[in-house]
2 protein chains.
Amino acid sequence: MPISFRMRFLSRNLGGKYNERAGKVKLMRLTMYTDYSLRVLIYLGTKEEDKLTTIQEISDAYNISKNHLMKVTFELGKAGFIETVRGRGGGIRLADRPENINIGTVVRQMEEDFQLVECFSSEHNTCPISPICGLRGVLGKALHAYLSVLDEYNLKDLLFNKEGLRDLLRT
Amino acid sequence: MPISFRMRFLSRNLGGKYNERAGKVKLMRLTMYTDYSLRVLIYLGTKEEDKLTTIQEISDAYNISKNHLMKVTFELGKAGFIETVRGRGGGIRLADRPENINIGTVVRQMEEDFQLVECFSSEHNTCPISPICGLRGVLGKALHAYLSVLDEYNLKDLLFNKEGLRDLLRT
DNA sequence: TTTAAAGATGTATTTTAAATATATCTTTAA
DNA sequence: TTAAAGATATATTTAAAATACATCTTTAAA
């Protein structure tokens, strides 16, 4: 459920050499998609209330593909976290005050699913012991704990140094 | 950080149609690698103490590629969760009693890293606000909560219905 | 003392999701 | 009526994950 950042890490290669980290994998990542979603919200949170910001501006500030951000903002708008104004002079803004935008809610919304392991999906599961296996319950509980922490925070909590953020985001 | 099961889910396709779930992604997955690790431990846990089990047998029981399991068991051995005996008549067995094999420890060991988002990696980070951004802290806390739940369980907890597991795993 | 069964190791290939790019459409203020 | 903005769709690229294949090494049994 975490923002999956595959970036330019060394390839995992399960079949690779057996020295160093071979065989291990990178779990618990959030996608850049979710990361970008949060970055957009943070950016908008540093702006004056109601003021519109263009996607281009955010793209410049973070040096992120505008095309990618278009899709992120589209989803953020559909989910109701931001308002979008089309046409010349348009842009995007937070749909609510930062203290009312919950981080857990954002991550849940930008997520597709929380199928931690194969047996979380009745459709794709092939594990023969799933009917009586305790693993799903344990992982589900862990997932809940993860999201519960995120539920404790809202966007305002991430903006405690709003001036500093503005400085760093100035292009 | 969850066991990443990509399986045969619909492709995410960030650039796909904007109806249904397009744009959303699947986070918090564990890899099949970690899932398989836990399944191997569960299988061994259903066996009599000290009795050796071959990888082939586990491969048959779960219908998992033997080659893949070879790598999983190799890692499990290196990490000290199982003992491996080479040569004819060899096999693998738990290195300790199930109650002493902690699930959180297993997941941490089979993990490569816990870089939830780009800014968790000083090497790959490009986000300009990371020096003062509260996101990393929040996600780190959530990750800790996730692992802490796993830390509360050991392999024995997953074997409460050992007889049922044996039945389902009989090939 | 040779053979076969087991795990160990390395490399190569395939598949999938994620990331990104491109192109066009729609809206709307100037 | 034009240009700037977001909306939408499709296509491409990249990287990780999953898997397959090919030996090698160890060791007990024949």
Side-chain angles (χ1 to χ4, degrees), chain A residues 3-19 22-27 29-36 52-59 64-78 82-93 112-113 118 124, chain B residues 3-19 22-27 29-36 52-59 64-78 82-93 112-113 118 124:
Chain A
I3 299 180
S4 161
F5 267 63
R6 35 225 61 209
M7 301 304 293
R8 225 141 305 276
F9 296 115
L10 288 170
S11 167
R12 163 191 169 205
N13 192 6
L14 251 187
K17 299 188 195 299
Y18 281 89
N19 46 10
K24 295 195 178 180
V25 291
K26 291 161 274 169
L27 309 186
R29 297 164 305 180
L30 297 180
T31 58
M32 299 188 96
Y33 191 81
T34 302
D35 188 30
Y36 289 172
L52 287 170
T53 300
T54 65
I55 293 172
Q56 182 68 58
E57 184 181 332
I58 301 176
S59 166
I64 290 173
S65 153
K66 188 188 164 191
N67 295 295
H68 209 167
L69 277 186
M70 293 284 295
K71 295 166 178 64
V72 169
T73 56
F74 177 80
E75 285 293 325
L76 285 172
K78 254 200 340 188
I82 64 174
E83 286 173 4
T84 63
V85 178
R86 294 177 73 162
R88 187 167 189 157
I92 61 179
R93 65 162 83 93
E112 185 168 18
D113 58 54
E118 182 183 353
H124 302 101
Chain B
I3 300 180
S4 161
F5 267 62
R6 38 224 63 212
M7 302 303 292
R8 224 141 308 276
F9 296 114
L10 288 170
S11 166
R12 162 190 170 207
N13 192 6
L14 253 189
K17 297 187 197 298
Y18 280 91
N19 47 8
K24 295 195 179 179
V25 291
K26 289 163 274 166
L27 308 186
R29 297 165 304 180
L30 296 181
T31 59
M32 299 188 94
Y33 192 80
T34 302
D35 188 30
Y36 290 171
L52 287 171
T53 300
T54 66
I55 293 171
Q56 183 68 58
E57 183 181 334
I58 301 177
S59 167
I64 289 173
S65 153
K66 187 186 166 195
N67 295 297
H68 209 167
L69 277 185
M70 294 284 293
K71 294 164 177 65
V72 169
T73 56
F74 177 80
E75 286 292 324
L76 285 172
K78 255 200 338 186
I82 65 174
E83 286 173 5
T84 62
V85 179
R86 295 178 71 163
R88 188 169 187 150
I92 60 179
R93 65 162 82 93
E112 184 169 17
D113 58 52
E118 182 184 351
H124 302 102

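Every chain is numbered from 1, with letters handed out A, B, ... down the list of sequences. All values below were derived from every heavy atom in this structure, side-chain atoms included, with hydrogens, water molecules and symmetry-related copies excluded. Remember, predicted model here, so these are calculated numbers, not experimental data.
Taking the side chain as every heavy atom from C-beta outward, A/I64 and A/I58 never approach each other to under 4.5 Å. The shortest side-chain heavy-atom distance between B/I92 and B/L52 does not fall under the 4.5 Å cut-off.
Comparing A/V85 and A/S65 along DNA chain C, the residue whose closest nucleotide (by nearest heavy atom) sits nearer the 5' end is A/S65. Each of A/R86 and A/I64 has a nearest nucleotide on DNA chain C; the 5'-most of these lies closest to A/I64.
Protein atom NZ of B/K71 is 13 Å distant from nucleotide atom C1' of D/dC24, rounded to whole Å. With rounding to whole Å, A/Q56 atom CD is found 11 Å from D/dA4 atom P. In this structure, the CD atom of B/E75 is 12 Å from the C1' atom of C/dA8, given to the nearest Å. When the P atom of C/dA6 is taken as reference, atom CD1 of B/I58 falls 13 Å away, rounded to whole Å. The NZ atom of A/K66 sits 11 Å away from the P atom of D/dA7 (whole-angstrom rounding). Between the CD atom of B/E57 and the C1' atom of C/dA5 there is a distance of 14 Å, given to the nearest Å. The distance between atom CG of B/D35 and atom P of D/dT19, rounded to the nearest whole Å, is 11 Å. The CG-C1' distance, from B/N67 to C/dA12, rounds to 12 Å in whole Å.
Taking only side-chain atoms of B/R88, from C-beta outward, the nucleotide of D/dT2, D/dT27, C/dA8 with the closest atom is D/dT27. If you check D/dA18, D/dG6, C/dT20 against the side chain of A/Y36, the one that comes closest is C/dT20. Nearest nucleotide to the side chain of A/Y33, out of C/dG7, C/dA19, D/dC21: C/dA19. The side chain of A/M70 sits closest to D/dG6 out of C/dG7, D/dG6, C/dT28.
Although no hydrogens or angles enter the test, the distance criterion places no donor-acceptor pair under 3.5 Å between the side chain of A/S59 and the main chain of A/I55.
Between B/T84 and C/dA8, a side-chain N or O to OP1/OP2 separation shorter than 4.0 Å is present. When the side-chain nitrogen and oxygen atoms of A/T54 are compared with OP1 and OP2 of D/dG6, none of them lie within a distance under 4.0 Å. OP1 or OP2 of C/dA19 has not a single side-chain nitrogen or oxygen of A/H68 nearer than 4.0 Å.
Atom OG1 in A/T84 sits 10.0 Å away from atom CE in A/M70 (nearest 0.5 Å).
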Inset, instruction - For the pair A/D35 and B/E118, evaluate side-chain contact (heavy atoms from CB on, under 4.5 Å) and give the outcome as yes or no after the intermediate values. - result: CA-CA 8 Å; A/D35 188 30; B/E118 182 184 351; 4.2 Å; yes
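Base pairing of D/dT13 is made with C/dA18, judged by Watson-Crick or G-U wobble geometry with both donor-acceptor distances under 3.5 Å. Nucleotide C/dA30 is matched to D/dT1 when pairs are restricted to Watson-Crick or G-U wobble geometry with both distances under 3.5 angstrom.
As judged by a 4.0 angstrom heavy-atom cut-off over every strand, B/G90 is placed among residues touching the sugar-phosphate backbone only. As judged by a 4.0 angstrom heavy-atom cut-off over every strand, A/G91 is placed among residues touching the sugar-phosphate backbone only.
Between B/Y36 and B/H68, the ring-plane angle classifies as perpendicular under the 30° and 60° cut-offs.
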